[in-house]
There are 2 protein chains.
Amino acid sequence: MEPMARAATTSDVFNAIAEPQRREILALLRAGERSVTELAQELGMTQPGASKHLRVLREVGLVRDRKAGKQRLYGLDASGLRPVHEWTGGFERFWNESFDRLDAYVQDLNQTRKAE
Amino acid sequence: MEPMARAATTSDVFNAIAEPQRREILALLRAGERSVTELAQELGMTQPGASKHLRVLREVGLVRDRKAGKQRLYGLDASGLRPVHEWTGGFERFWNESFDRLDAYVQDLNQTRKAE
DNA sequence: TTGACGTATGCCGATATCGGAATACGATGG
DNA sequence: CCATCGTATTCCGATATCGGCATACGTCAA
């Protein structure tokens, strides 16, 4: 059997958003469609760099592209983020429910603040 | 300058949960603390495999460990998932707000169904 | 101490990833 | 057709990742 290194970045949204620059792209696209060059400029990356990240995002369906003359405009398709939101949401009750140590920490924090 | 390949998996929650087996571990830990061997068994991985994933999860703070005699019990600390939940939540309005194309697609779909 | 059990670490090979640079592809306009 | 602009792809080197295996480490009990 061949060893497998990691789930392919394509076809896996969790992996796609593991990369900070790709998250930045998604965040920026909330403001509207952008061409590749615009994205690259606004995020301070090279054009090929932007293209490559966009390719990954496209392949997992987080982004759509359409031609606009010479340019290619990329737009958000955030529906793929929903599973991630829901998966993390499955832990919501666990981050409200505080652990002993966490409680102590918060106590300390409040105490310190009042003392200043 | 030296090229950098990817943000270290440690110190990055997004990367830590990009790995399916680590997500399984977290999900399982919602049911309560587990020893390494128990985790490995229940998830069908080797003990060293489980240990390594747990190390990553521990380093990003998603998991805590405490000694219990010979064993080491791992428990969930889901607070680190909150940022992920909130980040994806920032796109919530975009997956309800439908795109033109998507609208058309849904229209078509309903139309087709009624016609059958 | 010694042995047994539970866990962590180290090493390995195969593969994936990322950034940079060069270049190929594609479309538009002259 | 040709030049230009916008974009995608390819090749590269450095590094990271993951699984498997062996083994070191740690803890308890006899």
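Chain naming here is simple, since letters A, B, ... match the order of the sequence lines and numbering starts at 1 in each.
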Could you list the residues that satisfy side chain to side chain donor-acceptor pair (under 3.5 Å) with B/Gln21, not counting sequence neighbours?
none
Under 4.0 angstrom between A/Arg55 side-chain N/O and D/dA8 OP1 or OP2
no
Should A/Arg22 be listed as having a side-chain N or O under 4.0 Å from OP1 or OP2 of C/dC18?
yes
Side chain to side chain donor-acceptor pair (under 3.5 Å) partners for A/Gln41, two or more places apart:
none
Could you state the CG-C1' distance from A/Leu57 to C/dC18, rounded to the nearest angstrom?
14 Å
Mind checking what makes salt bridge (Lys or Arg N to Asp or Glu O under 4.0 Å) contact with A/Glu24, not counting sequence neighbours?
none
Have a look at the helix from C/dT1-D/dA30 to C/dG30-D/dC1 and give the angle its two end axes make, five pairs each, rounded to 10 degrees.
10°
Can you list the residues that meet the salt bridge (Lys or Arg N to Asp or Glu O under 4.0 Å) rule with A/Arg58, with sequence neighbours excluded?
none
Can you list the residues that meet the salt bridge (Lys or Arg N to Asp or Glu O under 4.0 Å) rule with B/Arg23, with sequence neighbours excluded?
none
Give me the distances for all protein-to-nucleotides 25-30 of chain D N/O pairs that come in under 3.5 Å?
{"residue": "D/dT27", "atom": "OP1", "partner": "B/Lys67", "partner atom": "NZ", "Å": "3.2"}

For A/Glu86, which residues count as a salt bridge (Lys or Arg N to Asp or Glu O under 4.0 Å) partner, sequence neighbours excluded?
A/Arg82
Without decimals, in angstroms, what is the distance between A/Glu19 CD and C/dA16 P?
17 Å
What is the distance from CG of A/Leu54 to C1' of C/dC18, rounded to the nearest Å?
15 Å
Distance-only, no hydrogens or angles: does the B/Glu38 side chain make a donor-acceptor pair with backbone N or O of B/Ser35 under 3.5 Å?
yes
In numerical order, the residues of residues 26-52 of chain A whose heavy atoms come under 4.0 Å of DNA chain C are A/Thr46, A/Pro48, A/Lys52
Quick note, ring-ring contact (aromatic ring centres under 6.0 Å, His included) partners involving residues 62-86 of chain A, not counting sequence neighbours, are A/His85-B/His85, A/His85-B/Trp95
Is any side-chain N or O of B/Tyr74 closer than 4.0 Å to OP1 or OP2 of C/dA8?
yes
In short, salt bridge (charged side-chain N to carboxylate O under 4.0 Å, His left out) pairs touching residues 42-52 of chain A with sequence neighbours left out are A/Arg34-A/Glu42
Check the distance between D/dA8's C1' and A/Arg58's CZ and give it to me in whole angstrom.
8 Å
For the pair made of CD in A/Gln71 and P in C/dG29, what is the distance, rounded to whole Å?
12 Å
Is it the case that the side chain of A/Arg55 and the backbone of A/Ala50 share a donor-acceptor pair, with hydrogens and angles ignored and the cut-off at 3.5 Å?
no
Among residues at least two apart in sequence or on other chains, which ones pass side chain to side chain donor-acceptor pair (under 3.5 Å) with A/Glu33?
A/Arg66
Main-chain N/O of A/His53 paired to A/Arg22 side chain as donor or acceptor, under 3.5 Å
no
In this structure, how many angstroms lie between the C1' atom of C/dT17 and the CZ atom of B/Phe14, rounded?
19 Å
Is any side-chain nitrogen or oxygen of A/His53 closer than 4.0 Å to OP1 or OP2 of C/dT17?
no
Whole-Å gap separating C1' (D/dG19) and CD (B/Gln21):
9 Å
In whole Å, I'd like the distance from the CD atom of B/Glu24 to the C1' atom of D/dG19.
15 Å
